[in-house]
Amino acid sequence: MHFRSAISSLGLLAAAAFVNALPLRVPRQSGVPKVVVAHHIVGLTAAFTVDDWTSDMTLAQANGIDGFALNVGNDPFTTTQAQNAYQAAEQMNSNFKLFFSFDMSSFPCSTADNAAAIRSLTNQFASSPAQLQVDGKAFVSTFAGESCTFGAGDVPSGWRTQFTQHPDTVNKVHFVPSFFIDPAQFNTFSGVMDGDFNFNSGWPLTLSASAAPQLLPGVDLNNVNAAGATTLQSFIGSFDTDNQHITQLANVQGSAQTYMAAVAPWFFTHFGADTFNKNFVFDGDEHLWVRRWENIIANRDKVSLVEIVTWNDFGESHYIGPNNHGQLPPGSEKWVDGFDHQGFLDLTNFFATQFKTGQAPAVTKDQIVMWARPHPKNATPNDPVGAPKDFQLFQDKLWAFVLATADGEVTLQTSDSTSQTFPVTAGANKLSLALTPGGFMHGTLTRNGQTVIDLKPDGYTFDPNPAAFNYNAFVASASSQ
């Protein structure tokens, strides 16, 4: 569970052949495979067994995910769980890959001795058949690290002398960190950055309630019309920060220019000052999960890998894996329990396949995925934590995405008196409808007078009088098979 402030860091915030069979090189040549991985927070897996890891990996791979970025920190169980994860991937023998994403907000990194821990972990698993390799080197990433000197006079020298060029690891790692810095500073990291992971590129961080009047002139966020939606969509899932990072990465002398983009479905966290003291949202409306994938696919020639943020960050509500598998950060159960996100996972293979192959896969079964928040954005519960920062950005809408095998009609309904029927075409369709206080979510796909899918999930009510703030997404999914 982690988020790095864009303001304090000056950075902008979070079934293919695989790379060890055909090494990844940048600039990318035609036919070199692309990779989709998911960020897996090992800090929430203290009690995991090998079977637990196998379960997560099997589910991920079945949905088009090629590997896990193991986000590891300075926890007593880190090595044990890394061993369990690598053992599970090796035993699966299915080409599912792993690599470390060192959480440098957790590992100490002020002295030269501090670097020994991450070098040791890297080398311990570098030769595993499950290790993601790029050009014969172990792929390694980070979350943060832009303040790590490892006892040197500056950050680039610290990483260079104690990791990428250290005798223990020199010529053994392909290093693609996520440093939360102004990308214009990338050129100081020669000999360090083989590439860049833009962790925060999955969210529209430039959008905030305070910036909205300037960024969205004339848009009423309490009643967004068609023109306002078009304006919002220019920010949601945008590739702008990716272009900034890619441009500056080209200025890193000797870099392989491996660029890893992020895609995220949502963001809401609600911890009070007595715990993690994080209470804010990023705008996930206007089909963020879908639009971000679409923009990455449209720019796939610039992107080497995609990292899904995340598989299991329950505390920040951007998980796509099972919400009952792993440890919840204390307090987060208030907005995670009952809010399964596997509908987002259900769509992943469709988009991941397009990214990796350049072609949309054939839609062989009809599918509806719907999501919405559980209460109006302007609700006023008696919640001591208070309303999260930037909640004003949200719209009180039901969002739906339909994959159709052929043309048909979809009716969305949010109360007995609020519904709309939309024509849908074969392939991908994005739909939405205003939510109704006290209402529900209901989606029906019909074709040639026959009902193909009828989805009305239990457990969802758009509650106008909630007991506490909860801006997490309730996600429901159904298919014709």
Is the side chain of [X] donor-acceptor paired with the backbone N or O of [Y] at a distance under 3.5 Å, no angle test?
{"X": "Asn429", "Y": "Gly427", "value": "yes"}
{"X": "Gln81", "Y": "Ala46", "value": "yes"}
{"X": "Asp396", "Y": "Lys377", "value": "yes"}

Option from Asn470, Asp383, Thr275 for which side chain to side chain donor-acceptor pair (under 3.5 Å) with His270 holds |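 Output: one option passes, namely Asp383.
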Side-chain contact, heavy-atom cut-off 4.5 Å: Met193 with Leu249?
-> yes
Any side-chain heavy atom of Phe469 within less than 4.5 Å of one from Asn279?
-> no
Would you call the rings of [X] and [Y] parallel, tilted or perpendicular, taking 30° and 60° as the class edges?
{"X": "His174", "Y": "Phe139", "answer": "parallel"}
{"X": "Phe282", "Y": "Trp203", "answer": "tilted"}
{"X": "Trp371", "Y": "His287", "answer": "perpendicular"}
{"X": "Phe267", "Y": "His318", "answer": "tilted"}
{"X": "Tyr259", "Y": "Phe239", "answer": "perpendicular"}

Salt bridge or not for Lys137 and Asp194, using N-O below 4.0 Å?
-> no
Does the side-chain contact (heavy atoms from CB on, under 4.5 Å) test come out yes or no for Leu59 and Gln342, once each step is laid out?
-> CA-CA 10 Å; Leu59 179 61; Gln342 289 184 81; 3.6 Å; yes
